[in-house]
Chemist: 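I'd like to ask you about the structure that follows.
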Amino acid sequence: MVTDTPDRRFHVVIPCAGSGSRANIGAPKQYALLNGIPMVVHAVRSFQGVRGLSQSVLVVAPDDSAMVDVFKQWPQPKFFVSHTGGATRAQSVLAGLNALKAKGVGPDEWVLVHDAARCLLTPQLIEKLLLACLVDKVGGLLALPLPDTLKSESNGRVDITLDRSGKWLAQTPQMFRLEMLFQALMSADESVTDEASAMEMSGLSPLLVPSAAFNFKVTYAEDLQMAQAILADRSVSTVLAT
Ligand code: CTP
Ligand code: MG
């Protein structure tokens, strides 16, 4: 059992500066309303109440004019908004880490990086990640063992069926120590789409922590309907339980 010591403390960086081009819903998907609440608020709320949550940052695009109003309507204790998002997700995460450093967060402190577009995360999954990684030298990520048969393609037809054993789908949060992650992202190449890949390029092996399929990333417009249905089901279950 992990005790409530300063070692339990963690910070969150939520990159939220994307344009949602694949969802293509006329506005950045993080503001899409699910059950009447912006997607990003669902993502941030999953951290509220998790023991150890400390000063955290939501990184939006420099010209974002919506997030401040969203935070006024749905206040999020411990989170501040930084208008320092970059051209890539990695640049937005780096900007978030810099914002935490500027607030005095130390190099060895734990940081959980989480996509604003993964709005179905639960405190239970965060707890699972924390328990696994707080005692780990490198840190790790929530991930899902590949459930389906895996094909590689050539000109739109199956080239070969690949062995799916030992293959995982990377999710977020991804949890690393601030300065190790900062250095890894600084030296990673443009191709990285998550923090774990940057750590791997630095020669480190992040821990895979088994997650759940519901922690998917809203990427396409139809994913919004699926997320909405799950959130609606959760709120019905909560009402029934009270
Ligand atoms: N993100 C970011 N800065 C960028 C690009 C992405 O902060 N320059 C964030 C997104 O806002 C999202 C997370 O990274 O919370 C995951 O990215 P993704 O799902 O790819 O979102 P978008 O980049 O907005 O979508 P798309 O790739 O379809 O344009
Ligand atoms: Mg993207």
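Heavy atoms only: backbone and side chains are in, while hydrogens, waters and symmetry mates are out. Just follow the structure's listing: the first ligand is 1, and inside any ligand the first atom is 1.
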Chemist: Could you tell me if S19 and S21 have a donor-acceptor pair between their side chains, going purely by distance under 3.5 Å?
Modeler: no
Chemist: Does the cation-pi check pass for R177 over W110, that is, NZ or CZ under 6.0 Å from the six-membered ring centre and within 45° of its axis?
Modeler: yes
Chemist: Enumerate the protein residues lying less than 4.0 Å from ligand 1, judged by heavy-atom distances, in chain and residue-number order.
Modeler: P15, C16, A17, G18, S19, G20, S21, R22, K29, G86, A87, T88, R89, S92, D115, A116, A117, K217
Chemist: As an exercise, state the distance from CZ of R157 to NZ of K151, rounded to the nearest 0.5 Å.
Modeler: 13.0 Å
Chemist: Is any side-chain heavy atom of V111 closer than 4.5 Å to one of L97?
Modeler: yes
Chemist: State plainly whether one hydrophobic cluster holds both M175 and V12, where clusters connect Ile, Leu, Val, Met, Phe, Trp and Tyr through side-chain heavy atoms under 4.5 angstrom apart.
Modeler: yes
Chemist: Please check if any side-chain donor atom of H11 sits under 3.5 Å from a side-chain acceptor atom of S56, or the reverse.
Modeler: no
